[in-house]
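The analysis underlying the following values was restricted to heavy atoms, covering all of them including side chains, and did not include hydrogens, waters or symmetry mates. We count residues from 1, following the sequence as given.
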Amino acid sequence: YFPVDGKTLDYLTRTNRDAEHISIIEQYMRTNRMLRDYKTSNDDGVKFSGDVLELDLSSVEPCLSGPKRPHDKVPLSQMQSDFNSCLTAPVGFKGFGLNESNAKTSSTFNYQGQEYTIKNGDVVISAITSCTNTSNPSVMLAAGVLAQKAIAKGLSVRPYVKTSLSPGSGVVKSYLESAELLEPLQQLGFYIAGYGCMTCIGNSGELDDELNDVIKDNDLLVSAVLSGNRNFEGRVHPLTKANYLASPPLCVAYALAGSVD
């Protein structure tokens with residue numbers, strides 16, 4: 001589908017492959033008619049389909065997925081209405097089956113000497129967790145810049161929200177440090193917890209006792225927002241029934257907002 005071309009060879013050069021080795025690759029690909037030269041070739045290759053798909057880039061918008069399955073897309077602009085409809089919809093992939101009064105449940109609790117009110121939809125876990133997302137410098141840097149701007153505006157994350165950063169590679173730490181963006185993420189609680197799969201395989205660990213108790217005692221439907229690829233109910237954490245997959249900057253945004261509502 002995507003043949004080797006000049007950009008492939010450029011990549012090999014820029015990632016310090018041996019020149020002789022690159023030459024062998026190029027010769028092999030040319031000999032087997034597998035090297036695509038866009039400047040001289042009129043050959044469009046084998047067509048597997050007669051369909052031409054067009055994408056208007058201006059129609060692309062930020063989205064999340066959830067609250068229970070990774071393939072249930074929710075445009076960011078519709079998150080509030082979608083979540084509220086899920087609360088009272090029949091129990092299923094897009095429903096929790098609450099009645100109108102239960103949907104508005106809230107409770108107060110004391111945490112570290114201060115009183116907080118918590119309600120359905122409030123975020124208790126926000127995790128930039130190892131996945132394809134954390135291999136994408138543009139979204140990781142966007143998360144760092146958002147954290148930096150938020151701190152400059154005096155914003156903060158509620159102390160009971162469990163935040164974490166678990167990139168797939170130590171290289172992420174290096175470039176965030178070089179860009180002076182690791183510290184702003186840490187100031188919002190996104191400290192590096194390790195490198196590898198974490199939150200979407202349930203490795204967030206326990207919530208603090210005070211939070212744990214108020215959720216259980218009031219049967220609250222709280223949320224996790226994570227940049228992983230799995231959000232099935234009970235998988236992220238037994239107490240987070242509404243789990244949304246999001247980009248790293250959206251994980252920061254929802255940690256600051258404190259609610260998916």
Within the side chain of [X], is there an N or O that forms a donor-acceptor pair under 3.5 Å with the backbone of [Y]?
X: Ser223; Y: Ala242; value: yes
X: Asn231; Y: Ser65; value: yes
X: Arg30; Y: Leu35; value: no
X: Thr13; Y: Leu9; value: yes

Identify the two heavy atoms, one from [X] and one from [Y], that lie closest to each other, and give their separation to 0.1 Å.
X: Ala127; Y: Cys251; answer: O-SG, 3.5 Å
X: Asn120; Y: Leu221; answer: OD1-N, 2.8 Å
X: Leu185; Y: Ala143; answer: CD2-O, 3.8 Å
X: Asn32; Y: Tyr28; answer: ND2-O, 2.9 Å
X: Val123; Y: Val161; answer: O-CG2, 3.4 Å
X: Val252; Y: Ile128; answer: CG2-CD1, 4.0 Å

Got [X] and [Y] here, is their nearest side-chain heavy-atom distance under 4.5 Å?
X: Lys173; Y: Pro167; answer: no
X: Val214; Y: Tyr116; answer: no
X: Leu12; Y: Ile25; answer: yes
X: Val225; Y: Asn243; answer: no
X: Ile125; Y: Thr163; answer: no
X: Val124; Y: Ile118; answer: yes

Within 6.0 Å of [atom1] in [X], more than 12 heavy atoms from elsewhere:
X: Asn16; atom1: CG; answer: no
X: His21; atom1: NE2; answer: no
X: Glu183; atom1: CD; answer: no

Between [X] and [Y], does any side-chain donor sit less than 3.5 Å from a side-chain acceptor?
X: Ser101; Y: Asn99; value: yes
X: Thr129; Y: Ser166; value: yes
X: Asp5; Y: Thr8; value: yes
X: Asn84; Y: Ser81; value: no
X: Asp208; Y: Tyr111; value: yes
X: Glu115; Y: Asn110; value: no

NZ/NE/NH1/NH2 to OD/OE distance under 4.0 Å, [X] and [Y]:
X: Asp72; Y: Arg69; value: yes
X: Lys94; Y: Asp82; value: yes
X: Asp122; Y: Arg158; value: yes

- Message: By the definition side chain to side chain contact (heavy atoms under 4.5 Å, CB included), identify the one residue from Val139, Thr134, Asn133 that meets it with Asn136.
- Response: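 Exactly one pass, corresponding to Val139.
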
- Among Glu26, Gln27, Glu20, whose side chain to side chain contact (heavy atoms under 4.5 Å, CB included) with Ser23 holds? Gln27

[Y] reachable from [X] in the ILVMFWY side-chain graph, under 4.5 Å edges:
X: Phe83; Y: Val91; result: no
X: Leu182; Y: Leu155; result: yes
X: Met140; Y: Tyr191; result: no
X: Leu146; Y: Leu76; result: yes
X: Met34; Y: Ile22; result: yes

- Worked verdict on Tyr244 versus Val260 for side chain to side chain contact (heavy atoms under 4.5 Å, CB included): CA-CA 9 Å; Tyr244 287 91; Val260 297; 4.0 Å; yes

Approximate separation, where rounding is to 0.5 Å, of [X] [atom1] and [Y] [atom2]:
X: Leu98; Y: Cys86; atom1: CG; atom2: SG; value: 10.5 Å
X: Lys73; Y: Gln78; atom1: NZ; atom2: CD; value: 9.0 Å
X: Ser156; Y: Leu188; atom1: OG; atom2: CG; value: 8.0 Å
X: Leu256; Y: Leu250; atom1: CG; atom2: CG; value: 11.5 Å
X: Ile151; Y: Gln186; atom1: CD1; atom2: CD; value: 10.0 Å
X: Ile215; Y: Leu207; atom1: CD1; atom2: CG; value: 5.5 Å

- Message: Tell me if the centroids of the rings in Phe109 and Tyr160 come within less than 6.0 Å of each other.
- Response: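 Yes - the distance between ring centres of Phe109 and Tyr160 falls below the 6.0 Å cut-off.
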
- CA sep, side-chain torsions, deciding dist, call: Asp56, Ser58, side-chain hydrogen bond (donor to acceptor under 3.5 Å, both in side chains): CA-CA 5 Å; Asp56 178 0; Ser58 69; 2.7 Å; yes

- Item | Six-ring centre of Phe96, Lys68 cation under 6.0 angstrom, axis tolerance 45° | yes

- May I have the step-by-step check of side chain to side chain contact (heavy atoms under 4.5 Å, CB included) for Thr105 and Lys119, ending in yes or no? CA-CA 6 Å; Thr105 296; Lys119 64 184 188 309; over 6 Å; no

- Task: Apply the test side chain to side chain contact (heavy atoms under 4.5 Å, CB included) to residues Val222 and Lys241: give CA-CA distance (whole Å), side-chain angles for both, the deciding distance (0.1 Å), then the verdict.
- Result: CA-CA 6 Å; Val222 293; Lys241 296 178 182 178; over 6 Å; no

- Task: Could you go through the side chain to side chain contact (heavy atoms under 4.5 Å, CB included) check for Phe190 and Ser164 one step at a time?
- Result: CA-CA 4 Å; Phe190 290 93; Ser164 62; 5.9 Å; no

